[in-house]
Amino acid sequence: MLATAVILFREVLEASLIIAIVLGASRDIKGRGRWVIAGIGLGLLGAGIVAILANLASSIFSGDGQAILNAIILLGAVCMLTWHNVWMSAHGRELSAEVKAVGSDVQSGQRPMTALLVITMVAVMREGSEAVLFLWAIATSGEQSWNMVLGGLGGIIVGILVGLLLYAGLLRIPTRHFFSITSWLILLLAAGLAAQAAGFLNQVGLLPALGNGVWNTSGILNQNSLTGQLLHILVGYIARPSGIEIVFYVITFLTILILMRTYGNKPNPEVKAR
Amino acid sequence: MKRLLLISSLLFPLGALAADIDYTLTVKDHLFQPSEFAIPTGKKIKLVIRNQDSLPVEFESSDLSREVIVPGHGEVTIYLGPIESGTYQFFNDFNHTMQGTIVVNSASGKVN
């Protein structure tokens, strides 16, 4: 029972942390709750479909199919996080400073609502499909008891609670530091997801590894320890990265940073007039 | 696809002509068998993971950036390498007590 709880906790943790960060980062955008909930709903639906596909046609879903699907999902999330971050750095200050006084002034214009929806959807879908597959197998295999299903549900609840804790923690950050901290969090998160995508594309041979284990910090911090796993999710820590993972990490990091600086909110009257 | 395989196996009865070197890793009674195996340095390896248990297994190696779900009573093929010499850990992300090691050395490269 405890073992299943731990497994499901690990599966849910990543989605939970990602959602907590984007929820925190978009706290001043009106109506984001609905979009995030819709994203979670669609993600669960997608997770169910993927899990059913995996059970029905394991050959289609086997090996390459899984890896390519994962890579697409991850790269989709990276694009959406980039959009979200660039938008927030362009409008964040207006949102927190002016809108609170003026009301719904910034409601006009294109807001990153679709980005919020897609980010939560893909986060839930990727981790959720594994969770559904695993719970389903336990429930139907006969050799396992319902005790384990209960344990799994417990793990899911604890995983969600950790996300809520992070969200509550983010909200305590003073407003003037808030946007810079959350956008750095998203920047590192996106770079980490891009590195994971590179790993999947290398797995199916679409990208060269450019060297396995360019360095190895397993001795200092094992990636499979709880701290290692948390850092893996949040900032993309890989103890023994391949060359292509490093390349993807650095390129994504620099691209988002440059985009944020280019479109960022400078103390410039023209930007405010828009 | 099956027919293609059949034809090619008729044309090339010597399977050894295949460029990739095949390895099979079996999951049985919540254990990887073999739990340690050696592969040659700098070669591309085809690894078939066969799950004989009813629970799904997530074969994962953070050392090699590999992550793949093998459904219960299913099998999945992945490719490894070319890899430099060294030892690389793998485990089942659904059950961390299930672990194994891949040893990469030039000694096992004499297959070629």
Side-chain angles (χ1 to χ4, degrees), chain A residues 3-4 6-8 10-11 50-51 54-59 61-67 70 129-131 133-138 140-144 148 195-196 198-205 208-209 211-214 216 218 222-224 228-229 232 237-242 244-245, chain B residues 1-2 19-20 27 29-30 39 41-99 101-102 104:
Chain A
T4 15
V6 172
I7 294 161
L8 271 296
R10 298 176 93 107
E11 294 297 335
V50 171
N55 267 327
L56 286 183
S58 60
S59 56
F61 191 69
S62 81
D64 290 6
Q66 274 182 49
N70 274 320
S129 61
E130 294 183 7
L133 197 67
F134 188 78
L135 272 181
W136 179 256
I138 290 174
T140 55
S141 66
E143 70 180 63
Q144 311 293 333
M148 291 181 78
Q196 277 190 56
F200 280 115
L201 290 173
N202 168 244
Q203 181 168 323
V204 295
N212 288 99
V214 175
N216 187 355
S218 303
N222 190 322
Q223 195 184 320
N224 302 320
Q229 209 197 357
H232 174 67
Y237 173 72
I238 302 174
R240 207 171 176 179
S242 65
I244 195 74
E245 289 173 321
Chain B
M1 187 66 197
K2 266 201 176 130
D20 300 323
V27 174
D29 301 325
H30 310 293
I39 63 172
T41 306
K43 290 274 191 305
K44 195 174 180 189
I45 304 299
K46 181 181 167 188
L47 179 64
V48 178
I49 305 161
R50 197 164 285 153
N51 185 0
Q52 297 186 350
D53 288 347
S54 53
L55 282 184
V57 158
E58 185 171 12
F59 174 87
E60 185 164 346
S61 170
S62 26
D63 289 350
L64 292 166
S65 320
R66 291 293 178 269
E67 189 180 329
V68 71
I69 295 175
V70 191
H73 302 295
E75 70 172 50
V76 151
T77 302
I78 62 166
Y79 292 87
L80 301 176
I83 320 170
E84 292 99 71
S85 301
T87 52
Y88 299 83
Q89 308 291 325
F90 62 86
F91 56 91
N92 172 9
D93 197 36
F94 287 155
N95 177 1
H96 281 229
T97 58
M98 279 174 67
Q99 296 182 342
T101 312
I102 299 174
V104 184

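Protein chains get the first letters and strands the later ones, always in sequence-line order, with residue 1 at the start of each.
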Bottom line for E67(B): the part with an atom under 4.5 Å from chain A's heavy atoms is both
So, the part of F59(B) with a heavy atom under 4.5 Å from chain A: the answer is neither
Is any side-chain heavy atom of N224(A) closer than 4.5 Å to one of S62(B)? yes
- Where do E58(B) and E11(A) land on the side-chain contact (heavy atoms from CB on, under 4.5 Å) test, with the steps shown first? CA-CA 12 Å; E58(B) 185 171 12; E11(A) 294 297 335; 3.7 Å; yes
Paired with N212(A), the side chain to side chain contact (heavy atoms under 4.5 Å, CB included) test is passed by just one of I83(B), D63(B), V104(B), namely I83(B)
The reported gap from CZ in F134(A) to CG in D93(B) (rounded to nearest 0.5 angstrom) is 10.0 Å
In terms of heavy-atom pairs under 4.5 Å with chain B, the winner among I238(A), N70(A), N202(A) is N202(A)
Note: L133(A) and P56(B) closest approach over all heavy atoms is O-CG, 4.2 Å
Interface check, chain B: of R240(A), R10(A), Q223(A), E130(A), most non-hydrogen pairs under 4.5 Å belong to R240(A)
Applying a strict 4.5 Å limit to non-hydrogen atoms, the region of E245(A) in contact with chain B is side chain
